[in-house]
Amino acid sequence: MAQKPAIPKGTRDFSPEVMARRDFIFDTIKTVFKRYGYQPIETPAMENLSTLLGKYGDEGDKLLFRILNSGDFLSSVSQDGGNLTAEQLSPQISDKGLRYDLTVPFARFVVQYRNELSFPFKRYQIQPVWRADRPQKGRYREFYQCDVDVVGSDSLLNEAELVQMVADIFRALNIKVVVKINNRKILAGIAAYIGRADALVDITVAIDKLDKIGVAQVNAELAAKGIEAEAIDKLQPVLFMQGNSREKLQTLRGLLGDNLLGAKGLEEMTKLLDYIDLLQVDVATELDLTLARGLNYYTGAIFEVKASDVPMGSICGGGRYDDLTSIFGMPDVSGVGISFGADRIYDVMQSLNLFPETTAESTQVIFLNFGEKEAAYCLPYLNKLRKNAVNAEIFPDSAKLKKQMKYADQKGIPLVVMAGESEMAGQVFTLKNMQSGEQFVIPADQLIDKILTIKQG
RNA sequence: GUGGUUGUAGCUCAGUAGGUUAGAGCAUCAGAUUGUGGUUCUGAGGGUCGCGGGUUCGAAUCCCGUCUUCCACCCCA
């Protein structure tokens, strides 16, 4: 064979069967988003690199797909200095990149259209994002995020509402989940408490791995990052903290009470839990002090959702960001949002067999094609069916009946209508039920009604 | 980016002491059944064994490189 056609690493094609299931997920998510008053927007697949760079940390910058400038992109490269490194060359030949998430483009959008939006602005956005990561299970280079964000409101009611939407969506999808919640201010308070407020990132990254590598290794990593033994000792009560969310908060009050930021974080967390109780949100929530989340821009609450019954990275994550729009010149606008990973949700549902049978909504009736005249006899009825909201088609070629029947069978079409010479002569149709195999002769003028009756029954 | 793993027909996979023409199941197509699918039977098409180089009289099989797959790390949806 010649060379096989292929698609880039970490990308996928979606067949009609897969799309039916994907749409089921998207439709469920959209329905809930709308129910809470969020409106859709879309932004371009590519953004200026100046919009994207520096928003996700060094690691994120590395994972950005960059788009080569058009035309003779080498002509503007400065030749002095001889050989350039990739880092030096890249900004000279590329000024656009594929979006890495939907939150940063959204912040850009808000700043750009600030005068046309009324705040608080609640939007949702369902589009693919790209990361030049190395693919593995549940990790793709192109995948869909379903973001909901509200900007222009500090209220913790928004956080509570996000958790409520998480609960609604995963209940509708029949996935058991745990919502892990933490607060960056609490983490900052902990860092200050052990006397290393400056090392917040190193500390959070290390304790993020607690349940994966254990206390000993976490402590080793902290030491490797230059955290003093005394500070690590002080951290141990935090790492070993037991109890439910409320009890943990109580313990933390004793430890962090003096720290202004930490106390604020505890207060926010308490209020959020209160709201969640008042709204009677029906989902397992858990204050998880080891939850850090990498994206640099979070400043308050942070969320992560994991499926209870499947080992898989988080299927949903987000948090509050106070300064994201200020990077684009619009300070003092706080936002909070959460992102559903449609592809991972798909993988979870697939491995748990959670997709309903009926998701493949396709053709309901097909007319077989016996020839030119016979097809002409069928066409008016085909049209009437469609006018009556019945998904219907006619086989376009007068192929062998065996082939046409097989087509109907494989496409899962439940009703087949046949009209050959004898049916035409008698002004009737033969209607076949593909599930039972039964078939009846029906007067032509009753065909539509009969099919509509079957469809309802 | 680091370490490991994988690649044979459209799909799932057999096939090593290197040795004639590389196999099976499923799928496809044709026929049995020229107005009837899902079961059955018969037959057919389809592979430069991921790609490139090397060792050898001879390579799907051994060596090197490269791409791809999957996994772990990093990070993350």
Can A/E268 and A/R184 be said to form a salt bridge (Lys or Arg N to Asp or Glu O under 4.0 Å), step by step? CA-CA 11 Å; A/E268 287 181 10; A/R184 272 284 165 91; over 6 Å; no

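Atoms CG (A/D208) and C1' (B/C74) sit 12 Å apart, rounded to a whole Å. The distance from atom CZ of A/R139 to atom P of B/C70 is 13 Å, rounded to the nearest whole Å. Look at CD on A/Q127: it is 17 Å from P on B/A77, rounded to the nearest Å. Atom CG in A/D133 sits roughly 11 Å away from atom P in B/G1 (whole-Å rounding). For the pair A/Q435 CD and B/G38 C1', the computed distance is 11 Å after rounding to whole Å. Between A/Y140 atom OH and B/C75 atom C1' there is a gap of 17 Å when expressed in whole angstrom units. When the C1' atom of B/C76 is taken as reference, atom OH of A/Y100 falls 6 Å away, rounded to whole Å. For A/E17 and B/C11, the CD to P distance is 16 Å, given to the nearest whole Å.
Using a cutoff of 4.0 Å between basic side-chain nitrogens and carboxylate oxygens, A/E47 and A/K55 are not scored as salt-bridged.
We find that the ring of A/F143 and the base of B/A77 stack, their centres lying under 5.5 angstrom apart and their planes tilted less than 30°.
Rounded to whole Å, the C1' atom of B/U16 lies 14 Å from the corresponding atom of B/A22. Using atom C1' as the reference point in both B/G38 and B/G47, the two lie 31 Å apart (nearest Å). Taking the P atom of each, B/G10 and B/C29 are spaced 15 Å apart, rounded to whole Å. The separation of B/A24 from B/G46, taken at their C1' atoms, amounts to 15 Å, rounded to a whole angstrom. Nucleotides B/U69 and B/G1 place their P atoms 14 Å apart, quoted to the nearest Å. Atom C1' of B/C49 sits at a distance of 15 Å from the matching atom of B/U6, rounded to the whole Å. Spacing of C1' atoms, B/G3 relative to B/U12, comes out at 29 Å, to the nearest Å. Taking the C1' atom of each, B/G23 and B/U8 are spaced 10 Å apart, rounded to whole Å.
If A/S436 and A/K137 are placed on RNA chain B by their nearest nucleotide, the residue sitting closer to the 5' end is A/S436. Nucleotides of RNA chain B nearest to A/Q145 and A/K9 differ in position, and the one nearer the 5' end is that of A/K9.
For A/R131 against B/C76, no side-chain N or O and base N or O form a donor-acceptor pair under 3.5 Å. With hydrogens and angles left out, the side chain of A/R134 and the base of B/U69 share no donor-acceptor pair within 3.5 Å. Between the base of B/C76 and the side chain of A/R344 there is a donor-acceptor pair shorter than 3.5 Å. Taking only distance into account, the side chain of A/D409 meets the base of B/G37 through a donor-acceptor pair shorter than 3.5 Å.
Within 4.0 Å of A/G437, counting heavy atoms only, lies at least one base atom of the nucleic acid. Counting any heavy atom pair closer than 4.0 Å across all strands shown, A/K209 reaches sugar-phosphate atoms only and no base atom. Within 4.0 Å of A/G60, counting heavy atoms only, lies no atom of the nucleic acid at all. A/V205 comes within 4.0 angstrom of the backbone, heavy atoms only, and of no base. Among the heavy atoms of the strands, none lies under 4.0 Å from A/C146. As judged by a 4.0 angstrom heavy-atom cut-off over every strand, A/G318 is placed among residues making no nucleic acid contact.
Aromatic ring centres of A/F367 and A/F395: separated by at least 6.0 Å. Remark: aromatic rings of A/Y377 and A/F429 are close, center separation under 6.0 Å. Between A/F14 and A/Y144, the ring centre distance reaches or exceeds 6.0 Å.
Residue A/K432 places none of its side-chain N or O atoms closer than 4.0 Å to OP1 or OP2 of B/U36. For B/A72, one of the phosphate oxygens OP1 or OP2 lies less than 4.0 angstrom from a side-chain nitrogen or oxygen of A/Q136.
A cation-pi contact links A/K384 to A/Y381, judged by a cut-off of 6.0 Å to the six-membered ring centre and 45° from its axis. Relative to the ring axis of A/Y346, A/R21 does not place its NZ or CZ within 45° and under 6.0 Å from the centre.
Partners of A/E159 according to the side chain to side chain contact (heavy atoms under 4.5 Å, CB included) rule, which considers only residues two or more places apart in sequence or in another chain, are A/L156, A/L272, A/A301, A/F303, A/R320, A/V336. Partners of A/V441 according to the side chain to side chain contact (heavy atoms under 4.5 Å, CB included) rule, which considers only residues two or more places apart in sequence or in another chain, are A/V428, A/T430. Scored by the side chain to side chain contact (heavy atoms under 4.5 Å, CB included) test, A/L63 finds A/Y100, A/D133 as partners (sequence neighbours excluded). Taking the side-chain hydrogen bond (donor to acceptor under 3.5 Å, both in side chains) definition, one finds that A/R12 meets it with A/D343, sequence neighbours left out.
In RNA chain B, runs of at least 3 consecutive Watson-Crick or G-U pairs, each pair with both distances below 3.5 Å, span B:1-4 with B:70-73, B:10-13 with B:23-26, B:28-32 with B:40-44, B:50-54 with B:62-66.
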With 3.5 Å as the limit, what N/O pairs link the protein to nucleotides 29-35 of chain B?
unit_1	atom_1	unit_2	atom_2	d
B/G31	OP1	A/K400	NZ	2.7
B/G31	OP2	A/K400	NZ	3.1
B/G35	O6	A/S422	N	3.4
B/G35	O6	A/S422	OG	2.6
B/G35	O6	A/E423	OE1	3.0
B/G35	N1	A/E423	OE1	2.8
B/G35	N1	A/E423	OE2	3.0
B/G35	N2	A/E423	OE2	2.9

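Side-chain contact of A/N219 with A/Q236: a donor-acceptor pair under 3.5 Å is present, judged by distance alone.
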